Each structure stands twice: as C-alpha cells, then as structure tokens.
Amino acid sequence: MSIKAMDFSLRINPSICFTQNPPKPSSKLRFLTVRCSLPLTSDDAATGLAERPWKVADARLVLEDGSIWKAKSFGASGTQVGEVVFNTSLTGYQEILTDPSYAGQFVLMTNPHIGNTGVNFDDEESRQCFLAGLVIRSLSITTSNWRCAETLGDYLAERNIMGIYDVDTRAITRRLRQDGSLIGVLSTEQSRSDEELLEMSRSWDIVGIDLISGITCNAPYEWVDKTKSDWDFNSNGRDQETYRVVAYDFGIKHNILRRLASYGCKITVVPSTWPAAETLKVKPDGVLFSNGPGDPSAVPYAVETVKEILGKVPVFGICMGHQLLGQALGGKTFKMKFGHHGGNHPVCNLRNGRVEISAQCLSGCHHLRFYDMAEPQLCS
C-alpha cells in the first residue's frame with residue numbers, strides 16, 4: 001500500500017493552550033509541526049487522491065419527478081425500485097422494517113435519528129423484512145439498549161435490504177406531501193447513469209400489482225404465542241370462553257396474533273387464497289382479514305373470498321382487510337395523495353367527540369368511497 005505524507009503547521013499561543021503551567025515567555029514565535037500519513041489505494045496513488053477518513057456519498061435516490069438525492073449507503077448494496085412513503089413514528093423502526101404492509105415501498109423516517117437502540121429479535125412483526133429500502137437523515141454511530149443484539153446496518157445487510165442516510169429527509173417529505181407519493185430508485189451502482197435510474201422509476205407502478213401473493217403463508221398453521229407478561233397491558237377477559245378464529249394472512253403482523261391469543265382465542269392462520277368453503281367448514285366464531293400491502297383492487301380473488309364469508313360468521317378487518325370488506329360490500333378504492341404512516345395520528349371518535357392517538361399504516365395508501373350513500377363519505 002502506498003503512503004503519502006502531508007505536512008502542515010499550526011500556530012500556537014502557549015499562554016492560551018497551557019492554562020495550568022504555561023511556559024516562560026519567549027521572544028520567538030513557537031510552531032508545532034504535525035506530520036500526517038494517509039493510506040492510498042493503487043488507484044488513488046495513480047491519481048494523487050488520498051483516501052478520506054470518513055464515508056462519502058456513494059448512493060443515489062432518483063425520484064420519478066426527476067430529482068436526484070445523493071446519500072451515503074448502509075445495509076445492502078445494489079439497485080432497487082419502490083414507492084417512497086414517509087413514516088412519522090418517533091420509535092419502533094424495527095417493527096416498521098418487519099411490517100409486511102410496507103412491501104414494495106421505501107420508508108422514509110421523519111424522525112432524524114435512527115439506529116440508536118439497535119435491533120433485537122423480540123420486536124419483529126413478521127418472519128423477515130419486506131420493505132424495499134430505508135431512508136433516514138442520521139444513522140447512529142453507536143447503540144445503547146439493553147436488548148440490542150446487533151446494529152441496524154448489520155441487520156439490514158444480512159437481510160439484503162438497502163438503506164441510505166445523510167439525505168435531506170425534510171425536503172423529501174415536503175415534496176411527497178405536496179406532490180403525492182412518488183416512485184423512486186435506490187442505487188449504489190456507479191455504473192448506472194442518472195437517466196437510466198430515472199427511466200426505471202417512471203416505468204414501474206405499485207398500483208395494480210398483487211403484492212400479497214409474495215408474502216402470505218404457504219399453508220395453514222396454528223398460532224399459540226401470547227403477549228409476554230412484561231409487555232401485557234391488560235388481562236381483563238382472560239379465562240373466559242374460548243373463541244376459534246380463522247385469520248387470513250394478507251401480510252399479518254405477529255402482535256395482532258399475540259393479542260388475540262392473549263385473550264384466549266384459538267387461531268388458525270390461512271393463506272390469502274384459502275377457499276371460503278374450507279374456512280366455513282371449521283365453523284369459526286369469527287374471521288379476521290389481516291393487514292397487507294399494495295392495491296386491494298389487484299387481488300379480486302380475496303374480494304370474492306370475503307363476499308362468500310360475509311353474513312355467515314362475524315368478520316373484522318384491519319388495513320388491507322378493511323378495504324377488502326369495503327369492496328366486497330360495494331365500495332370502490334382510490335389511491336390517496338400520500339398515505340398515513342406513523343404511530344401518532346389523531347383521530348376523532350364521532351360517538352363521543354374525543355380525540356385519540358392512533359397508529360396507522362394504510363395499505364397501499366387507499367381509501368374507500370361508498371357511492372350508494374346519500375352523501376359520499378370516506379372510510380379509512
């Protein structure tokens with residue numbers, strides 16, 4: 001390895017630098033010469049460029065509106081396309097990473113400091129990371145949490161998930177709020193031109209894509225794990241009658257299943273394509289249509305399943321499941337300008353006028369509109 005030495009001089013005033021035992025005054029001005037040696041690669045040696053002791057921008061986020069955002073990479077390398085959405089949660093980035101509802105999306109965290117608590121294997125919401133990439137302002141250089149098992153960067157690299165930092169997340173968020181959600185391309189490949197990445201962003205769309213089929217379970221299984229006692233906030237209703245619940249996995253999160261199990265439910269999780277007739281055979285006390293990613297209009301098979309079950313057993317839906325219920329009842333979905341993603345969204349309870357803080361992740365950023373009402377209304 002080649003070594004290049006750089007000499008520079010610093011002028012020092014001894015009476016300022018040495019506060020406790022200053023040296024005796026001298027008529028001569030003192031100089032301190034520091035010699036630094038920086039390692040060079042063979043390419044740098046040829047070009048005369050020294051290797052910097054800090055990471056430089058090596059990644060780009062190219063949005064379909066033509067804007068190009070230079071950043072530093074962490075996690076995996078490569079090129080990935082996805083829809084850029086922002087999340088306003090202050091904590092819980094690991095739950096966001098493993099939420100299947102974010103499949104096909106780059107999640108931009110509006111909270112600027114991410115990674116300071118590291119990651120652990122108790123907070124995962126599914127069996128893997130499903131989002132396309134993570135965009136943050138500042139990546140913590142250290143972790144401080146008693147449950148930390150590894151750093152965020154190592155965690156993403158092991159799961160082949162791209163991340164970028166040192167990018168102006170506030171400016172991107174404002175752009176998304178003004179112009180709506182945008183398709184983007186993340187890339188660490190310098191061989192790809194900006195024009196090529198821009199063309200990729202403009203030739204892909206999340207609308208109309210069935211993202212559920214790639215994340216649902218392959219076969220039915222029984223769920224038995226309950227919420228751990230350290231995190232259980234309410235034990236009312238335990239030791240009462242047991243209910244048998246069939247949960248359709250459109251991208252279901254583990255904590256939803258844990259909460260049901262904690263209240264005594266016997267849960268059977270089934271794939272998204274599981275026939276309604278098979279569900280009705282087991283005579284469940286209720287059917288859950290879970291959360292999930294993408295466009296509900298892209299999964300007509302799921303809408304048909306919901307139609308066949310409606311009116312025969314009690315049902316309830318979360319996120320994607322709620323939208324599928326709306327479509328099965330005659331509603332139409334349309335894409336919102338930008339979605340509600342975060343753990344701090346205020347919602348007014350119209351029954352009592354109270355405002356409650358909610359966690360939201362609207363699958364595919366869609367709303368329902370029921371056209372058979374006297375006055376069209378929106379249901380999120």
Side-chain angles (χ1 to χ4, degrees), residues 92 94-95 98-101 120-128 130 212 215-293 296 299 301-329 343 347 349 351-352 356 358-361 363 379:
Q94 186 175 352
E95 289 88 336
T98 53
D99 185 346
S101 295
N120 68 84
F121 303 112
D122 292 331
D123 290 347
E124 297 188 331
E125 287 288 359
S126 63
R127 65 184 183 277
Q128 68 182 74
F130 287 100
I212 292 176
I215 65 173
T216 188
C217 59
N218 296 320
Y221 64 92
E222 302 294 321
W223 180 275
V224 296
D225 292 343
K226 300 179 180 181
T227 303
K228 292 184 178 180
S229 58
D230 293 343
W231 304 103
D232 202 348
F233 56 87
N234 188 353
S235 59
N236 293 335
R238 305 295 175 80
D239 302 324
Q240 295 183 1
E241 184 178 357
T242 299
Y243 293 100
R244 182 172 183 82
V245 175
V246 173
Y248 273 82
D249 180 12
F250 300 129
I252 199 164
K253 295 192 288 187
H254 289 171
N255 265 331
I256 295 174
L257 297 172
R258 291 192 189 103
R259 295 310 299 153
L260 289 173
S262 294
Y263 281 86
C265 294
K266 297 180 62 177
I267 309 163
T268 301
V269 183
V270 298
S272 61
T273 56
W274 193 249
E278 294 298 318
T279 297
L280 296 174
K281 278 183 182 180
V282 301
K283 299 180 179 179
D285 296 299
V287 175
L288 164 65
F289 302 112
S290 81
N291 60 289
V299 287
Y301 59 87
V303 177
E304 291 303 314
T305 298
V306 175
K307 286 182 179 179
E308 294 179 36
I309 294 176
L310 278 173
K312 298 173 182 175
V313 294
V315 299
F316 62 113
I318 299 175
C319 195
M320 170 63 74
H322 184 263
Q323 297 170 43
L324 294 174
L325 280 169
Q327 286 205 356
L329 291 169
V347 175
N349 187 332
R351 293 181 177 177
N352 54 27
E356 302 169 350
S358 67
Q360 296 189 18
C361 174
S363 171
C379 303

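Predicted model, so just to flag it, every value in this text is computed and none were measured. Only this structure's heavy atoms are used, side chains among them; waters, hydrogens and symmetry mates stay out. Note that the numbering runs from 1 along the sequence shown for the chain.
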Short side-chain to backbone donor-acceptor contact, [X] and [Y], under 3.5 Å:
| X | Y | answer |
| --- | --- | --- |
| Ser272 | Ile212 | no |
| Asp249 | Pro271 | no |
| Asp285 | Val245 | no |
| Glu125 | Pro100 | no |

Name all residues meeting the side-chain hydrogen bond (donor to acceptor under 3.5 Å, both in side chains) criterion together with [X]; count only those two or more places apart in sequence or in a different chain, and write none if there are none.
| X | value |
| --- | --- |
| Glu222 | Thr268 |
| Thr279 | Tyr248 |
| Asp225 | none |
| Tyr301 | Asp210 |

Fill in: Between CD1 on residue Ile252 and OG on residue Ser101, distance to nearest 0.5 Å
10.5 Å
Discussion item. So, using salt bridge (charged side-chain N to carboxylate O under 4.0 Å, His left out) as the criterion, who are the partners of Lys307 when residues are at least two apart?
Written reply: Glu304
Item to complete: State which residues pass salt bridge (charged side-chain N to carboxylate O under 4.0 Å, His left out) with Glu278; sequence neighbours excluded, sorted by chain then number.
Response: Lys281
Worksheet item: Considering the options Val246, Thr216, Thr305, which one meets the side chain to side chain contact (heavy atoms under 4.5 Å, CB included) requirement together with Val270?
Response: Val246
Worksheet item: Looking at Asn291 and Gly251, what are the two nearest heavy atoms and their distance?
Response: ND2-O, 2.7 Å
Test ring pair (Phe, Tyr, Trp, His ring centres under 6.0 Å) applied to [X] - qualifying residues, sequence neighbours left out:
| X | result |
| --- | --- |
| Phe250 | none |
| Phe130 | none |
| Trp223 | His254 |

Return the set of residues passing side chain to side chain contact (heavy atoms under 4.5 Å, CB included) with [X] (not counting sequence neighbours), or none when no residue passes.
| X | result |
| --- | --- |
| Pro314 | none |
| Asn120 | Gln94, Asp122, Asp123, Arg147 |
| Leu280 | Lys312, Val313 |

Practice prompt. Look at atom CG of Asn218 and say whether more than 12 heavy atoms of other residues, nucleotides or ligands are closer to it than 6.0 Å.
Written response: no
